[in-house]
Peer 1: 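One structure coming up, written as structure tokens, with questions to follow.
As the structure is a prediction and not an experimental result, all values here were calculated from the model. Reminder, nothing fancy here: chain letters follow the sequence lines and each chain counts from 1.
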2 protein chains.
Amino acid sequence: MEEIQLIFAKNLKMIREKEKLSLEKVSQLCGVSKTMIGQIERGESSPTLTTIWKIANGLKVSFTTLINNPQPDTEIIIREDVQLLSEDDGRYRVYPIFPFQEDSRFEIYTVEIEREGTLSAEAHKDGTEEFIMVFDGELVMRVNEDEYHLKRGDSIRFKADRPHIYRNPGDTLTKLSMTIYYPN
Amino acid sequence: MEEIQLIFAKNLKMIREKEKLSLEKVSQLCGVSKTMIGQIERGESSPTLTTIWKIANGLKVSFTTLINNPQPDTEIIIREDVQLLSEDDGRYRVYPIFPFQEDSRFEIYTVEIEREGTLSAEAHKDGTEEFIMVFDGELVMRVNEDEYHLKRGDSIRFKADRPHIYRNPGDTLTKLSMTIYYPN
DNA sequence: TCAAAATGTACAATATAACGACCGTTATGT
DNA sequence: ACATAACGGTCGTTATATTGTACATTTTGA
């Protein structure tokens with residue numbers, strides 16, 4: 001998402017104001033135009049790797065400082081605010097609720113599959129595991145050559161470093177949560 | 001410099017090959033065009049912050065992994081390879097020998113000033129210190145309202161968070177080393 | 001109080017990042 | 001050996017990052 005732009009923007013502005021520098025000064029310090037610095041601070045531009053480097057170097061701050069997102073202790077995610085990923089002619093909907101984080105190394109989605117909807121997934125990175133919990137409807141998981149039939153309340157864990165298919169065999173909408181863990 | 005591009009390029013290619021992924025696969029995984037991935041790997045493109053994020057997220061690697069430069073234990077820098085920064089109508093030359101590093105927090109230059117050459121420096125970030133050693137010729141340092149006259153072999157250390165001026169008052173070329181330390 | 005400088009933004013021009021379609025070469029498999 | 005798919009790269013087009021100039025507003029200083 002463009003989330004990262006806003007994080008960068010906020011950090012840059014914070015640093016600049018803490019150091020009491022004008023856009024002009026930062027511009028000279030970094031060798032990047034004043035205009036560009038301004039646009040980046042307003043989240044209007046997605047700076048290039050080289051300009052990111054120029055800024056980090058000019059301000060003598062670490063790369064990480066600029067892209068680091070200070071997470072609040074508590075955060076609430078509203079369903080409507082989550083960008084949905086849909087395919088198979090809209091027969092399923094994927095909501096990335098908690099995106100991947102480098103430290104925790106997992107991400108959590110909720111998924112809705114319409115009747116007869118199918119979701120085919122490529123093999124993920126080596127060692128990846130998935131944890132599925134069915135909250136509504138039914139689910140048929142196909143991993144390798146094996147099929148598993150899950151009903152409401154059932155759960156499944158499997159190595160996801162191989163192709164796998166989610167299918168709703170029933171008449172009602174299937175709702176499930178999907179946690180994906182990527183080992184180091 | 002475009003150094004950072006090549007670092008990113010090398011890291012990306014290394015990761016892709018370690019995971020045995022094709023450009024196509026990486027493209028799908030990240031939502032970035034195959035062409036772009038290829039160009040980045042070849043160091044031909046300076047990716048945007050958002051595409052950097054897409055790649056890091058798609059590959060499930062940390063931002064830092066992609067821009068990290070594994071420093072060799074020993075490194076030799078050839079004078080001719082150093083990009084020189086020159087001004088005052090070429091009356092002085094600045095060579096960035098050891099650029100700034102986040103961990104060590106200092107950078108080292110060598111500087112040559114022709115006769116009557118002058119180098120005016122803005123105030124650096126708060127708390128910054130400079131360490132100058134004169135190897136050839138003479139140097140007049142002006143810090144605040146004070147002037148210091150240095151001869152070959154002399155050295156000076158001063159708080160550089162205020163404007164300061166380097167001047168060669170003599171007839172011969174002045175050569176010096178300049179170390180700048182930026183505290184956290 | 002008023003002129004002059006400083007500060008952040010708007011705009012037009014240019015450079016280049018990003019994409020999709022196409023191409024030549026190299027694996028693949030039957 | 002042959003057809004097919006996979007792979008990495010090139011090319012032309014589009015989107016957008018980046019720059020310099022100009023502008024409106026605020027700050028500064030005497």
Peer 1: Taking 4.0 angstrom as the limit, do Lys25(A) and Glu19(A) come out as a salt bridge?
Peer 2: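 Answer for the salt bridge query: no.
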Peer 1: On DNA chain D, nearest-nucleotide positions of Glu41(B) versus Met36(A): which is more 5'?
Peer 2: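 It is Glu41(B) whose nearest nucleotide is closer to the 5' end.
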Peer 1: Using the closest heavy atom to pick a nucleotide of DNA chain C for each, name whichever of Lys34(B) or Ser46(B) lands nearer the 5' end.
Peer 2: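 Nearer the 5' end of the strand: Ser46(B).
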Peer 1: Report which part of the nucleic acid Glu44(A) touches: base, sugar-phosphate, or nothing (heavy-atom distance under 4.0 Å, all strands).
Peer 2: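 The answer is sugar-phosphate, as Glu44(A) gets under 4.0 Å only of primed atoms, P, OP1 or OP2.
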Peer 1: Salt bridge or not for Arg157(A) and Glu130(A), using N-O below 4.0 Å?
Peer 2: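 No, this pair does not count.
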Peer 1: What's the CD-C1' distance between Gln28(A) and dA6(C), to the nearest Å?
Peer 2: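 So the two atoms are 12 Å apart, to the nearest Å.
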Peer 1: Please report the distance, rounded to the nearest Å, between CZ in Phe8(A) and C1' in dA17(D).
Peer 2: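 Distance, rounded to whole Å: 13 Å.
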Peer 1: Looking only at side-chain N and O atoms, does Arg16(A) come under 4.0 Å of OP1 or OP2 in dG8(C)?
Peer 2: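 Result: yes.
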Peer 1: With nearest nucleotide decided by heavy atoms, which residue, Gln39(B) or Ser45(A), maps closer to the 5′ end of DNA chain D?
Peer 2: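 By nearest-heavy-atom nucleotide position, the 5'-most residue is Gln39(B).
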Peer 1: Could you tell me how far apart Leu49(B) (CG) and dA18(C) (C1') are, to the nearest whole angstrom?
Peer 2: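 Checked: the CG to C1' distance equals 15 Å.
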Peer 1: How about Tyr182(B) and Phe100(B): are their ring centres within less than 6.0 Å of each other?
Peer 2: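 Judged by ring-centre distance (under 6.0 Å), Tyr182(B) and Phe100(B) do meet the cut-off.
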Peer 1: Quick one: pull up CD1 in Ile97(A) and CD in Glu107(A) and give me the separation to the nearest 0.5 Å.
Peer 2: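 Rounded to the nearest 0.5 Å, the CD1-CD separation comes to 11.5 Å.
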Peer 1: Less than 4.0 angstrom from a charged side-chain N to a carboxylate O is my criterion; do Glu17(A) and Lys20(A) meet it?
Peer 2: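 No.
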Peer 1: Out of dG9(D), dC19(C), dG8(C), which nucleotide sits closest to the side chain of Leu23(B)?
Peer 2: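 Nearest to the side-chain atoms of Leu23(B), counting from C-beta on, is dG9(D).
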Peer 1: Atom NZ of Lys54(A) and atom P of dA17(D): how far apart are they, to the nearest Å?
Peer 2: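 The answer, rounded to whole Å, is 15 Å.
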Peer 1: So if I take every side-chain heavy atom of Ser33(B) and compare against dA18(C), dG8(C), dA17(D), which nucleotide ends up nearest?
Peer 2: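 Given the options dA18(C), dG8(C), dA17(D), the side chain of Ser33(B) is closest to dA18(C).
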Peer 1: May I have the distance from Ile37(B) (atom CD1) to dG20(C) (atom C1'), rounded to whole angstrom?
Peer 2: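 Whole-Å distance recorded here is 15 Å.
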Peer 1: Find the distance Lys25(A):NZ to dA5(C):P and express it as a whole number of Å.
Peer 2: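 Checked: the NZ to P distance equals 16 Å.
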Peer 1: Base, sugar-phosphate, or nothing for Ser22(B), non-hydrogen atoms under 4.0 angstrom?
Peer 2: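 Sugar-phosphate only.
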Peer 1: Looking only at side-chain N and O atoms, does Arg42(B) come under 4.0 Å of OP1 or OP2 in dT10(D)?
Peer 2: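 Arg42(B) to dT10(D) OP1/OP2: side-chain N or O found under 4.0 Å.
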Peer 1: Round to the nearest Å and state the distance from Leu21(A) atom CG to dG8(C) atom C1'.
Peer 2: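 From Leu21(A) CG to dG8(C) C1': 15 Å.
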Peer 1: Assess whether one donor atom and one acceptor atom, taken from the side chain of Thr35(B) and the base of dG20(C), lie less than 3.5 Å apart.
Peer 2: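 Result: at least one qualifying N/O pair found.
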Peer 1: Expressed in angstrom and rounded to an integer, what is the separation of Glu24(B) atom CD from dT26(C) atom C1'?
Peer 2: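 Result: 16 Å.
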Peer 1: Considering only side-chain heavy atoms of Thr48(B), which listed nucleotide, dT19(D), dG8(C), dA17(D), is closest?
Peer 2: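 Among the listed nucleotides, the one closest to the side chain of Thr48(B) is dA17(D).
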